[in-house]
Amino acid sequence: MLGSARRAAGGRGAGAEAGAMADKYVPGELEAKWQRTWAERGLFRAADLPGADKFYLLEMFPYPSGRLHMGHVRNYAIGDVAARFHRMRGKAVLHPMGWDAFGLPAEQAAMERQLDPKQWTFDNIDEMRRQLKLLGLTYDWDRELATCVPEYYRWEQLVFVRMLERGLAYRRKSLVNWSDALQTVLANEQVIDGRDYKLGEPVVQRELEQWFLRTTAYAERLLAGVEALAGAWPERVLLEQRARIGKSHGTEIRFPLEQPAGGTSELLVFTTRPDTLFGVTFMSLAVEHPLALELARGGGRESEVRAFVDRTRNDLRRMRADELTKDGVFTGAYCTNPATGGRVPIFIANFVLMDYGTGAVMAVPAHDQRDFEFARKFELPIKVVIAPPDGTRLDPATMDCAYVEEGRQVNSAQFDGLPNSEGMQRITAWLAERGQGGATVSWRLRDWCVSRQRSWGCPIPVVHCAACGVVPVPEAELPVVLPPDLAFDVRGGNPLARHPTFPNIACPKCGGPGRRETDTLDTFVESSWYFLRYCDPQWDQAPVRHDRVAAWMPVDQYIGGIEHAVGHLMYARFYHMVLKDLGFLPASVPDEPFARLLTQGMVCKETYFTPDENGNPVWHYPEEVEDGKSKVNGAPVTVGRIEKMSKSKRNVVGLEAFVERYGADTARLFTLFAAPPEKDLEWRDEGVEGCWRFLARVWRITNEAAEAVRAAPATLPPGELPPRWQALRRLVHQTIRRVTRDIDGRFHLNTAVSAIMELTNALADAGVPEAADPARSDCGPEPAGDPTAGPAVRREAVLTLLRLLSPFAPHLCDELWQRIGQTGTVLEAGWPAFDEAAAAEEVLTVVVQVLGKLRGQLRVPPDATREQVVERAQAEPNVARFLEGKKIVKTVFVPGKLVNFVVK
RNA sequence: GCCGGAGUGGCGGAACUGGCAGACGCGCCGGACUCAAAAUCCGGUGGGCCAAAAGCCUGUGAGGGUUCGAGUCCCUCCUCCGGCACCA
């Protein structure tokens, strides 16, 4: 409104481009212009070797699906605020972006649409990069990398060969999650409720030869790292990692076998309850236990056991733990309890896990619920060895569940009477003395299965030779490059294995006929070191360049989705330690690659649906809904739950259409303002409008002030400012403090935006003197005193506003920066300096309470004494009213905050 | 089942280490501008008592406790979300 009035008055010429644009905030052209400028000036390029003031900021790189969604926008907007903030504060910032480019979707596209996975991937990358660039993010595109090129994955092959040499990579038969639908093995993280993460088809257990990385060898170090990251990573992630590592202290006990079997004369068990050793009444072995069939053969029950094992394996394919009832079979074999010398029958049980502990469990039905259920079913004896502290007598005949609490040892020979916690230690020590066991540690963490029967992944660089076994490809012959001509016309199976020449190779050792490994590596291997590669992505001498990595690592702030809490974040920590141990990293690099972690919440939105003929929901896009009815089928629409944006629920907001309408700055601001970063965000169109309005308001206010700011002196007049301007200046500096604190470390970006909004409101209230806006009659006349005070303070306020807002809405701020006569970009201008004295309040509000209830307020100078404040507080009429006729028994005084009279 | 986290206006969310609950935004109500609308601007907005204001009462999932003072600390319970789930 003001702009048009001025234009009419000023009669601006056609050449005054800036003025013509002053009318309305139109982000489209403006954003493109500044993105061009930034790129041309190379503003986001990181130094090769930064000094001590480096800041490595990283967002988890995306899979190039071809479509950027609002979840990405949120992730990258959060990161970009931090990147711009640290840059403005003078840090050397590394802020790279790349592509997690291997993976199943490319192969599926190849199978379904006969596309070349490489072509498909690079087309997607181009498309996603284009969309990403619309957002004005501060990436150093010179460091862009894609994991699917030999220049990247070759180094994984080298590392794999070295790991093989050190026994950190190995091959073994193992039960794995096999997806028929996807024709591959899946990691545990990729299996959700017995179904694959991708198509939701059933996953079965199969025994296959697989490649593993020995994560278990690093369990202790991974756990130590978790403890060290306390405070720097979200507690939730640390908890999940700690649970996954699952360290538990216990005791290893040897039970001599009556008849040696399978080359051994004893059965080794792991228990956390050695105190219950005297209560053992049977043994339970896992179905896959190597001695299972051997013992049965000796016990004369081979066929029964074999039948049970076969049957149970089928069960285990699908069933979840809680749907599986306890079942088992007697092997016919016995062992001896080393404590009592008693005879213990050995069973195979369906609930015993082979890959935890030793795969054999000493069963104490009186004090373990699972053993109790098993014993009841097979009518096995129950022997109580722990007595409850309350004196209750446990009777095996009538117990309906196991007693698992603390108590005193009973029926335990020389240990009787001890508290069971002490019994644990004493029995363990006693076993150790007699060579029958001892204290040990068990881990829940498993080795990392990295084999994938897929062709769009990093080939595992080994050769199988009938004579020499597994032979690594010699380092000089690396990389093993994926053949370009894979056939995807056959559904299922690995096209690499079917390739006419790829599998054929002579054994590197003996020259005889060999077969190349056709499994590829899990894509989590690529994402386990990409952050190192960014330090010099072109380096062709080694996976990473020492001096660069030494200069940039660790990542100072890592940002990504909570779904990677254990998978990616555990693998990357492990791999990073391995690289360090193998000498690929300089020793100065710390064990932990990610110094701080932020896990951002999901972007959610309301869903709309109508029921189909079977009552199942049919989801609708918001634009298909009109007046509460579906435009598709005319039925009344139900508003569904607020759920994560997804194509299947049709509750997505298209990025490009959005940016076209509102601009990238509004997209960024909204995702940052609507919720704190770590919480889920609900997308609401009204909220978007609010952010848009705010930016338009900044636009208007700044443009209105532009001429005055240009003309204003750059320094404040000496001496005291008139109160009105001093108040504005105080708010300016308080806002600098708040926004700085909110961004730095705390990541309360939503409150940082609030603070900036408050400053904007104050700036609007401070008014534009030459605009005699009747609606702003409260502005009052320009106060007396130095006439340059007002313009100078307002100039500082406008400059500060743009500086504080620029990490959130960089395009708008740079444009306005230029319009108020500043050169360059806000990024280069730097973060505003904070002046403690200017931020200090000269009058404090002290609240007065009587018996804890608010009865009045006082405005007092900061240096007021207790006596002065208390005296004035008592004189407040409303306070006096409540003090009348009462006796003050205590006066609480919190300087600058409150007075509380306790009366009787 | 076990281990975490969270419950604050009509809504998203603020409240640093116990000190004015509800910042900021949305929505809503009233007003200005306009022929009108949109946009914009100004004011109001937890609930209750009171004609209104002043003022008072009440209020952060429920109940108890500690404290001069509790959204914040402690105990019990309820609800929701997340993780793990035969880990011996």
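Chain naming here is simple, since letters A, B, ... match the order of the sequence lines and numbering starts at 1 in each.
Here Asn761(A) reaches the OP1 or OP2 of G25(B): one of its side-chain N or O atoms lies under 4.0 Å away. Contact check, Asn750(A) against A14(B): a side-chain N or O comes under 4.0 Å of OP1 or OP2. Within the 4.0 Å cut-off from OP1 or OP2 of C41(B), at least one side-chain nitrogen or oxygen of Arg697(A) is found. Between Lys853(A) and the phosphate of U58(B), there is a side-chain N or O to OP1/OP2 separation shorter than 4.0 Å. The phosphate of A15(B) (OP1 or OP2) has a side-chain N or O of His748(A) nearer than 4.0 angstrom. The phosphate of A88(B) has OP1 or OP2 within less than 4.0 Å of a side-chain N or O from Ser248(A). Residue Arg855(A) places no side-chain N or O under 4.0 Å from the OP1 or OP2 atom of C20(B). OP1 or OP2 of C41(B) has at least one side-chain nitrogen or oxygen of Arg700(A) nearer than 4.0 Å. Look at Asn878(A) and you'll find a side-chain N or O under 4.0 angstrom from OP1 or OP2 of C56(B).
Base engagement by Gln849(A) is indicated by at least one non-hydrogen atom pair under 4.0 Å involving a base atom. Using a 4.0 Å heavy-atom distance criterion, Arg741(A) is classed as making no nucleic acid contact. Using a 4.0 Å heavy-atom distance criterion, Phe901(A) is classed as making no nucleic acid contact. Residue Leu898(A) is in base contact, counting any heavy-atom pair closer than 4.0 Å across all strands shown. Val352(A) comes within 4.0 angstrom of a nucleotide base, judged by non-hydrogen atoms across all strands. Within 4.0 Å (heavy atoms only), Val361(A) reaches at least one base atom of the nucleic acid.
Taken to the nearest 0.5 Å, the OG1 atom of Thr428(A) stands 8.0 Å off from the CD atom of Gln425(A). Rounding to the nearest 0.5 Å gives a distance of 8.5 Å between CG of Asp368(A) and OG1 of Thr272(A).
Environment of NZ in Lys247(A): crowded, with over 12 heavy atoms of neighbouring residues, nucleotides or ligands closer than 6.0 Å. For Lys897(A), the NZ atom counts as loosely surrounded, since its 6.0 Å shell holds 12 or fewer non-hydrogen atoms of other residues, nucleotides or ligands. Atom CD of Glu884(A) has 12 or fewer heavy atoms from other residues, nucleotides or ligands within 6.0 Å.
Nucleotides G7(B) and G13(B), compared at atom P, are 10 Å apart to the nearest Å. Comparing C11(B) with G27(B), their C1' atoms are spaced 7 Å from each other, to the whole Å. Comparing G61(B) with U72(B), their C1' atoms sit 16 Å apart, to the nearest whole Å. As rounded to the nearest Å, G12(B) and C50(B) have C1' atoms that lie 34 Å from one another. Rounded to a whole angstrom, the distance from the P atom of A51(B) to that of A62(B) is 31 Å. Between C80(B) and C29(B), the distance separating the two P atoms is 34 Å to the nearest Å. Of the P atoms belonging to A15(B) and A6(B), the separation is 14 Å, rounded to the nearest Å. Rounded to whole Å, the P atom of U8(B) lies 25 Å from the corresponding atom of C3(B).
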TODO: Run the numbers on Arg737(A) and Glu836(A) for salt bridge (Lys or Arg N to Asp or Glu O under 4.0 Å), then give the verdict.
DONE: CA-CA 9 Å; Arg737(A) 178 166 57 197; Glu836(A) 182 81 53; 3.5 Å; yes
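If you find the closest nucleotide of RNA chain B to Arg881(A) and to Asn900(A), the one lying nearer the 5' end belongs to Arg881(A). Positionally, the nearest nucleotide of RNA chain B for Glu235(A) lies more toward the 5' end than for the other of Glu235(A) and Asp371(A).
Nearest heavy-atom pair, Leu731(A) versus Glu758(A), reported as atom, atom and distance to 0.1 Å: CD2-O, 4.1 Å.
Applying the 90° criterion around 0 to the glycosidic angle, G12(B) comes out anti.
Under the 3.5 Å distance criterion, with hydrogens and angles disregarded, no donor-acceptor pair is assigned to the side chains of Thr607(A) and Asn651(A). At a cut-off of 3.5 Å, with distance as the only test, a side-chain donor of Thr751(A) or Asp742(A) sits close to an acceptor on the other residue. Side-chain contact check for Thr666(A) and Tyr25(A): no donor-acceptor pair (N or O, by modelled atom type) lies under 3.5 Å. For the residue pair Tyr403(A) / Glu405(A), no side-chain donor-acceptor distance below 3.5 Å is found, with atom types taken as modelled.
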Could you go through nucleotides 44-48 of chain B and list every protein N or O atom that sits under 3.5 Å from one of its N or O atoms, giving the distance for each pair?
none

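Side-chain atoms of Thr845(A) lie closest to C20(B) of the nucleotides C20(B), A15(B), C86(B).
Within residues 685-694 of chain A, the residues approached by RNA chain B to less than 4.0 Å at the level of any non-hydrogen atom are Glu686(A), Gly690(A), Arg693(A), in residue-number order.
In summary, the aromatic rings of Phe374(A) and Phe282(A) are positioned with their centroids under 6.0 Å apart. In this structure, the ring of Trp692(A) has its center no less than 6.0 angstrom from the ring center of Phe670(A).
Taking the centre and axis of the six-membered ring of Phe882(A), the NZ or CZ atom of Arg855(A) falls inside the cone set by 45° and 6.0 Å.
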Open item on the list: For RNA chain B, please output the secondary structure as dot-bracket, reading 5' to 3'. Pairs are Watson-Crick or G-U wobble, both atom distances under 3.5 Å; mark crossing pairs with [ ], other-strand partners with |, unpaired with a dot.
Closed with: (((((((..(((......[....)))((((((.......))))))((((.....))))..(((((..]....))))))))))))....
